[in-house]
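Heads up, the thing below is written out as structure tokens.
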Amino acid sequence: MSEFTDLPKVELHLHLEGAAPASFIRGMAAEKREDISGIFAADGGYAWRDFPHFLKVYEAAASVLRSPRDYHRLMLAVAEESAASGVIYSEVFLSPDLCGGGDASAFADYIAAIREAAVVAEATCGITFRAIATSIRHFGPERARRAALAAAESAGDFLTGFGMAGDENVLEPADFAWGFDCAREAGLRLTAHAGEWRGPDAIRDTLRALGPERLGHGVRAIEDLALVDELAESGVVLELCPVSNIALGLYPDMRCHPAGELDRRGVKVTISTDDPPFFRSTMAREYEELHRAFDWDEGQFRKLAVQALDAAFCDADTKKKIAKKLEA
Ligand code: ADE
Ligand code: ZN
């Protein structure tokens, strides 16, 4: 328990499968008599070497989640973990590729089950959830199209956004424009991972080609201060996941992370965990480390939570309800 555990938090960037506790996935594998023991370390956590291997381990862990019921259970487990860190509003990424193999009607069944779990979690854990459907970049543009079509069919007051995760080094943002256009036409709000593995030019290309209002990570904007100014002026929001960036080797430690400078230069930054058990993170740990590195205090964290709520992909009434909880 840290001094920031009880501060109310808003999280905008959480991969649902990536948030699965290792013990939960081990239990699912045992139920299904699947041997995925190679993805676990001796201490029971996930074992991966680098980003490409992380993606493989992630997909192996997700492979034991095979039904809407499995995701219902996952959502409840994730809600408990988030609540223990003081999260009161959370947007979870889930992929039509992993939930129903890209089929729109199967994806709708997964969304229904996850939504049902979210209603239970709201009553028991006090967290409000929304969902963002994500295409997976290294699965290629054709599967991203199918993901967007599935997302468009399930768009509504629970599934409110569309995005793209996966390996940023694969192909170019423009290759995925069709999916983002389709999702936008369906009324979905947009976010895309960019500026994690590639630099400022890739961020510019992503903004131009896909038109997201938020960027997953976006940290490497710091390598071009003109781009940082543009982000600050345009109000594009960065979903920063500092502990993830350090675990994956982008920065050696929190003092070297650009969160402090991006914030000082007026960029709208928010704080999330990405895939917490993979990086041994929690929202409380993110806050604790940011406090130690940048001397961020309760006032700063409250400002960031309000900033995140402003950028949330939910309706105005929900925002009002969460805003009241943040003020309390
Ligand atoms: N999927 C899960 N975590 C991710 C990350 N950090 N970057 C890209 N895709 C991801
Ligand atoms: Zn991510």
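Just the heavy atoms: all of them, side chains too, but no hydrogens, waters or symmetry mates, feed the values below. Just so you know, these numbers come straight off a predicted model, no measurement behind them. Both ligands and their constituent atoms are indexed starting at 1 by order of listing.
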Counting backbone and side chain alike, does His217 bring an N/O/S atom below 2.8 Å of the Zn ion (ligand 2)?
no
Apart from Val10 itself, residues in the same hydrophobic cluster as defined by side-chain heavy atoms under 4.5 Å
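Direct or chained contacts put Val10 with Leu12, Ile88, Tyr89, Val306, Leu309, Ile322, Leu326.
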Top protein contact for [atom], by heavy-atom distance:
atom                   : result
atom 1 (N) of ligand 1 : His15 CE1, 3.5 Å
atom 3 (N) of ligand 1 : Asp275 OD2, 2.7 Å
atom 9 (N) of ligand 1 : Gly166 N, 2.9 Å
atom 7 (N) of ligand 1 : Glu196 OE1, 2.7 Å

Parallel, tilted or perpendicular for His15 and His193, by the 30°/60° rule?
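Ring orientation of His15 relative to His193: tilted.
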Do Trp197 and Phe51 have ring centres separated by under 6.0 Å?
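Close enough - the centres of the two rings lie under 6.0 Å apart.
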Min heavy-atom dist [X] to ligand 1 below 4.0 Å:
X      : result
Phe278 : no
Phe54  : yes
His217 : yes

In Å and rounded to the nearest 0.5 Å, what is the [atom1] to [atom2] distance from [X] to [Y]?
X      : Y      : atom1 : atom2 : answer
Arg220 : Ile222 : CZ    : CD1   : 12.0 Å
Glu289 : Ser281 : CD    : OG    : 7.5 Å
Arg143 : Arg145 : CZ    : CZ    : 15.0 Å

Return the name of the atom in Asp274, of element N, O or S, nearest to the Zn ion (ligand 2).
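Looking only at N, O and S atoms of Asp274, the one nearest the Zn ion (ligand 2) is named OD1.
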Closest heavy-atom contact between Met283 and Ser272?
SD-CA, 3.8 Å
Could you see which bit of Asp167 sits under 4.0 Å from ligand 1, with heavy atoms only: side chain, backbone, both or neither?
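No part of Asp167 comes within reach of ligand 1.
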Heteroatom distance test ([X], ligand 1): nitrogen or oxygen, under 3.5 angstrom:
X      : answer
Leu55  : no
Tyr58  : no
Trp197 : no

Hey, is the main chain of Cys314 close enough, under 3.5 Å, to the side chain of Thr160 for a donor-acceptor pair?
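Side chain of Thr160 to backbone of Cys314, a donor-acceptor pair under 3.5 Å: no, none is there.
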Counting from 1, what ligand 1 atoms have a heavy atom of Ala165 closer than 4.0 Å?
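Listed by number with element, the hits are 9 (N).
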Atom indices of ligand 1 within 4.0 angstrom of Asp274 heavy atoms, with elements:
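So the answer, numbered in order with elements, is 3 (N), 5 (C), 6 (N).
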Within rounding of 10°, what is the angle whose vertex is the Zn ion (ligand 2) and whose arms end at NE2 of His15 and NE2 of His13?
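Value, to the nearest 10 degrees: 110°.
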Distance under 6.0 Å and angle within 45° of ring axis: Arg214 vs Phe313:
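Satisfied, under 6.0 Å and within 45°.
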Decide salt bridge (Lys or Arg N to Asp or Glu O under 4.0 Å) for Arg204 and Glu230; before the verdict, give the C-alpha distance in whole Å, the side-chain angles of both, and the deciding distance to 0.1 Å.
CA-CA 10 Å; Arg204 286 201 168 87; Glu230 284 168 38; 3.3 Å; yes
